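Heads up, the thing below is written out as structure tokens.
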Amino acid sequence: MAPKKPSSSGGGASKKSGDKDGGARVMYWFRTDLRLHDSPALQAALDLKPQAFFPLWCWDPNYIYKHRVGINRFRFLLESMSALSSSLHSLNPLSQLLVVRGDPCDLLPELFKRWGITHLAFERDPNDEYVRQRDDQARKDAKANGVEVLDGYGHHLYDIREVLKAHNNEPTLTLGALQSAVSKFGDPAKPIDAPKSIPSPLLKDDVASPPQDIKDLLPKLLKSLEGLPEYSKKKGPEYDLNSHELGGQRSTGESGKVTCYDSLVGPDASESIKSTFSVPTLESLGMDAKAARVSVPSLIPGGEAEGLKRLERVIKDTKYIATFSKPKTSPCQDTSEASTTLLSPYLKFGCVSVRKFWWDAVEASKQYKGAGKTSPPENIQGQLLFREMYSVAEAGVGETYKRVHANPISRYIDWYLPTVYDSKGKEIIPRPAGDAASEARYAAFVEARTGFPFIDAAVKQLKTTGWIHHLARHSLASFLTRGQCWISWERGAEFFDEHLIDWDPASNPGNWMWLSCSAFFHQYYRVYGLATFPQKYDPSGSLIRKYCPELKDFPDKHIYAPHTAPLEVQRKAKCEIGKDYPAPILDEKKEKEHCIARMKVAYAKGWRGDAKEVLEGKAQEILRKEHGVPDPTLPEGYKAQENKDKIPKWAQRKEEDDEAQKKQGGKKRKGEKDEEEDHKASDTSTKTLSKKAKK
DNA sequence: CCAATGGTTGGGGCC
DNA sequence: TGGCCCCAACCATTG
């Protein structure tokens with residue numbers, strides 16, 4: 001594999017048309033590669049010594065409306081775009097990131113014509129069906145306009161398409177399979193340096209005598225776009241997954257309006273510095289960072305420089321790198337003091353090159369002379385190889401990868417709250433409500449009131465900071481799916497998609513399949529204990545004391561299972577379970593046994609998502625009948641809504657929601673007095689816990 | 001075809 | 001504190 005030389009495709013005649021006018025005119029299309037260092041496609045573009053270079057970002061409505069993206073990831077993206085724009089500007093005062101707002105399939109062909117583009121360069125983004133189709137369209141449009149395409153790869157260590165081919169176009173389901181598939185390609189390519197200069201984005205007429213200042217140049221570019229239709233004038237998206245109405249994170253009312261498409265190139269109304277071709281603001285996405293339950297300022301700031309700084313910091317600690325062992329890192333630490341490198345968000349948006357991370361880690365490990373060096377799968381390189389494995393698996397499966405239905409690698413299991421499809425096989429959006437008990441469990445999960453402190457704390461940390469440790473993700477995923485709740489991994493994957501900054505279309509569904517024992521991993525009898533597992537890493541429960549402050553005065557031995565504490569202990573901690581903090585929504589041990597019994601039956605059938613019985617819609621009924629485990633029921637007296645006073649200030653919903661809560665509250669209130677009894681009933685399940693805690 | 005082996009990240013008991 | 005075994009038993013790979 002020769003990664004240094006990006007493959008070239010598209011119209012062969014285009015090069016001549018560029019030469020005819022005295023040089024190439026390149027558009028570099030930034031997507032998930034928001035960096036200047038180690039970018040082979042960028043390097044290939046600059047190697048043409050172009051007379052004009054247009055660094056483009058297309059603000060794609062697909063991502064704004066049809067993908068559930070929360071405020072933390074949007075903020076990280078916007079910060080990374082702004083940082084990139086500044087870097088471009090400091091390389092060339094006549095340059096910046098040129099942000100145009102609209103569908104790339106509409107805009108790119110127009111820009112090709114109006115800017116006289118001869119070459120389109122971009123880094124291939126191998127995962128996600130939407131992206132693949134969009135890029136195929138861009139290639140076609142380029143060809144139709146006589147524009148040559150230069151596409152390098154740099155989002156992964158290896159060219160995912162080539163690895164997939166080397167694995168007979170089969171998804172890689174084990175790390176060993178991935179390793180043997182890449183072995184014929186040798187080591188990943190060494191990273192290349194960032195360019196030292198870039199040409200200006202000049203219109204043809206300006207090449208001979210360029211404007212002196214970018215403030216003179218941008219109006220000319222703006223003029224060249226005259227007559228281009230604005231996206232806001234189109235009929236708009238079929239649905240808006242991020243709208244408040246569909247449970248997304250946009251604000252309510254007028255402030256939740258998406259205004260970033262009101263103009264083709266900005267500025268947004270709320271921008272303090274008026275400029276065109278500008279990076280949108282959170283406000284123009286209808287999102288308010290201050291009002292949202294997220295950390296302000298961000299603990300994980302976006303941008304290439306921030307990413308490289310963080311990389312340098314972890315690499316300096318050669319012992320840490322050389323002896324890194326993922327299973328031993330703690331899931332119980334807050335984002336500001338994470339036991340892992342926290343580089344995944346930067347890899348996700350390409351702020352840090354994965355090859356640079358790989359080679360820096362190899363070098364640091366070499367320098368360390370002590371004992372206890374680790375190797376794949378547990379070390380840093382192993383982690384990066386897992387990322388490749390999921391990417392090749394996604395590429396091999398295609399569009400069904402992120403769901404169960406018709407997915408050839410995901411085992412069919414009769415989860416509750418599965419994604420539902422209409423008679424034509426189209427996903428129904430928004431998903432119709434499922435059975436009441438599972439919906440209530442799911443609501444308790446996403447609202448961090450399951451009554452299991454580690455689960456609730458991890459959910460709050462995720463919502464606040466946009467990141468949680470890998471093993472905390474395991475705990476949540478095990479609990480929601482095969483461990484206790486028996487809810488489809490699709491729901492969990494969607495929840496993570498909304499909140500994780502580092503959400504990746506291959507790794508995240510892959511990890512949910514792994515944890516739910518749907519693919520990649522199969523030892524379903526290994527279930528994460530809701531208290532025992534985190535207790536191993538941090539017996540003092542500091543994460544819980546921070547994110548569930550109502551529990552902060554519990555003694556260590558009860559912090560992970562406060563409902564097992566004697567009432568006098570609860571009173572002393574000023575927190576009575578069922579009153580000041582929810583009683584557990586389910587019986588951990590009983591549900592675990594139910595789940596294992598169900599898994600056994602589902603495994604014996606051996607159906608994947610593409611089995612005949614699944615496609616015909618009969619599989620669920622057959623499995624339910626066969627395992628005979630009754631549907632879940634709510635604990636009696638279970639309250640769908642917690643009293644808002646019991647929720648910490650920073651986690652409280654806004655006024656409008658409180659009104660809605662009050663209205664519903666009246667209905668639920670009558671069950672309240674039953675709580676003491678529920679508490680007793682659920683106690684049996686956790687006796688083993690309290691016994692251990694007493695030791 | 002079969003048996004053996006390994007699988008980043010479970011829990012619990014024992015030394 | 002860490003290593004070891006057992007629990008009951010899955011899959012994918014390998015010889």
Side-chain angles (χ1 to χ4, degrees), chain A residues 167-168 170-181 183 323-333 338-341 361 371-390 393 396 408-413 454 458 468-479 481-484 507 510-539 560-561 588-589 591-593 595-608 685-695:
Chain A
H167 198 245
N168 295 321
E170 292 288 328
T172 43
L173 298 177
T174 63
L175 190 65
L178 181 278
Q179 285 173 303
S180 62
S183 63
T323 63
F324 185 89
S325 175
K326 188 62 161 280
K328 289 188 184 130
T329 56
S330 170
C332 300
Q333 279 167 288
S339 59
T340 46
T341 65
K373 283 196 192 185
T374 48
S375 46
E378 74 203 61
N379 71 353
I380 297 276
Q381 288 92 314
Q383 306 312 302
L384 298 179
L385 289 171
F386 273 113
R387 184 167 171 271
E388 306 283 297
M389 178 193 80
Y390 284 129
I409 65 166
S410 177
R411 202 168 276 278
Y412 180 81
I413 295 165
F454 186 64
I468 52 174
H469 185 274
H470 184 63
L471 293 177
R473 302 180 196 198
H474 280 212
S475 289
L476 296 185
S478 168
F479 172 72
T481 62
R482 66 178 169 88
Q484 273 81 29
S507 298
N511 273 313
W512 276 91
M513 283 189 258
W514 180 300
L515 265 301
S516 63
C517 290
S518 299
F520 304 104
F521 179 76
H522 328 276
Q523 287 150 282
Y524 56 74
Y525 41 88
R526 292 190 175 176
V527 177
Y528 290 79
L530 302 176
T532 50
F533 183 71
Q535 213 154 31
K536 274 193 306 201
Y537 294 89
D538 177 18
Y560 286 102
E588 175 182 359
K589 204 176 154 198
E591 295 297 344
K592 175 178 162 180
E593 278 163 14
C595 287
I596 290 176
R598 289 167 174 142
M599 288 302 280
K600 208 168 175 169
V601 172
Y603 261 65
K605 276 279 180 277
W607 290 330
R608 301 301 198 280
S685 67
T686 33
K687 272 198 180 122
T688 40
L689 276 182
S690 57
K691 202 167 46 173
K692 195 192 161 173
K694 268 172 204 150
K695 262 201 275 182

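Each chain gets a letter, A, B and so on, in the order its sequence line appears, and its residues count up from 1. No experiment lies behind these values; they were computed from the predicted model shown.
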Note to self: Just to verify, what does K605(A) make a side-chain hydrogen bond (donor to acceptor under 3.5 Å, both in side chains) with, not counting sequence neighbours?
What the structure shows: E626(A)
Item checked: Value in whole Å for how far the C1' atom of dT9(B) lies from CD of Q535(A) -> 17 Å
Check: Nearest-Å distance, OH (Y390(A)) to P (dT8(B))?
Finding: 9 Å
Notebook entry, point to check: If the P atom of dC7(C) is compared with that of dT8(B), how far apart are they to the nearest Å?
Noted result: 24 Å
Item checked: Any K536(A) side-chain nitrogen or oxygen under 4.0 Å from OP1 or OP2 of dT9(B) -> no
Notebook entry, point to check: Any idea how W514(A) and F521(A) line up, ring-wise: parallel (<30°), tilted (30 to 60°), or perpendicular (>60°)?
Noted result: parallel
Note to self: Whether the side chain of R473(A) engages the backbone of I468(A) through a donor-acceptor N/O pair (distance < 3.5 Å, no angle test) should be reported.
What the structure shows: yes
Next item on the list: For dC4(C) versus dG6(B), give the span between their P atoms, rounded off to a whole number of Å.
Entry: 15 Å
Checklist line | Centroid separation F533(A) to F454(A) less than 6.0 Å | finding: no
Item checked: Residue T532(A), side-chain atoms from C-beta onward, closest of dT8(B), dG11(B), dA12(C) -> dG11(B)
Margin query: Take N1-N3 plus N6-O4 or O6-N4 for Watson-Crick, N1-O2 plus O6-N3 for G-U, both under 3.5 Å. Which runs of 3 or more such pairs involve DNA chain B?
Written below: B:2-7 with C:10-15, B:10-15 with C:2-7
Item checked: Test item: E588(A) side-chain N/O and G483(A) main-chain N/O as donor-acceptor pair under 3.5 Å -> no
Next item on the list: Whole angstrom is fine here: how far is it from NZ in K589(A) over to C1' in dG10(B)?
Entry: 15 Å
Notebook entry, point to check: Near DNA chain C, under 4.0 Å by heavy atom, which residues of residues 377-388 of chain A?
Noted result: none
Next item on the list: Could you work out the separation of dG11(B) and dC11(C) based on their P atoms and round it to a whole Å?
Entry: 22 Å
Check: What is the distance from CE of M599(A) to P of dC11(C), rounded to the nearest Å?
Finding: 10 Å
Margin query: Under a 3.5 Å cutoff, is there a donor and acceptor pairing between the side chains of K326(A) and Q383(A)?
Written below: yes
Notebook entry, point to check: L173(A) CG to dG6(B) C1': how many Å, rounded?
Noted result: 16 Å
Note to self: Within the 4.0 Å limit for protein heavy atoms, which parts of nucleotides 4-10 of chain C are touched? Write it as a string from 5' to 3', B for base, S for sugar-phosphate only, - for none.
What the structure shows: -----BB
Next item on the list: Using the test salt bridge (charged side-chain N to carboxylate O under 4.0 Å, His left out), find all partners of E378(A) that sit at least two apart in sequence or belong to another chain.
Entry: none
Check: With nearest nucleotides of DNA chain C determined for A604(A) and K328(A) from heavy-atom distances, which residue corresponds to the more 5′ nucleotide?
Finding: K328(A)
Item checked: Whole angstrom value for the distance that separates P of dT9(B) from CG of L476(A) -> 19 Å
Notebook entry, point to check: Mind checking the P distance from dG7(B) to dA9(C)? Whole angstroms is fine.
Noted result: 22 Å
Item checked: Contacts of S507(A) that satisfy side-chain hydrogen bond (donor to acceptor under 3.5 Å, both in side chains) - sequence neighbours left out -> D504(A)
Note to self: Whether the side chain of T374(A) engages the backbone of F324(A) through a donor-acceptor N/O pair (distance < 3.5 Å, no angle test) should be reported.
What the structure shows: yes
Margin query: Looking only at the side chains, is there a donor atom on one of T329(A) and H469(A) sitting less than 3.5 Å from an acceptor on the other?
Written below: yes
Notebook entry, point to check: Taking the side chain from S478(A) and the backbone from H474(A), do they hold a donor-acceptor pair closer than 3.5 Å?
Noted result: no
Item checked: Donor-acceptor contact present, side-chain T172(A) to main-chain M389(A), <3.5 Å -> yes
Notebook entry, point to check: Rounded to the Å, how far apart are E593(A) CD and dG11(B) P?
Noted result: 15 Å
Checklist line | Atom-to-atom span, CD1 of I596(A) to P of dG11(B) - whole angstrom | finding: 12 Å
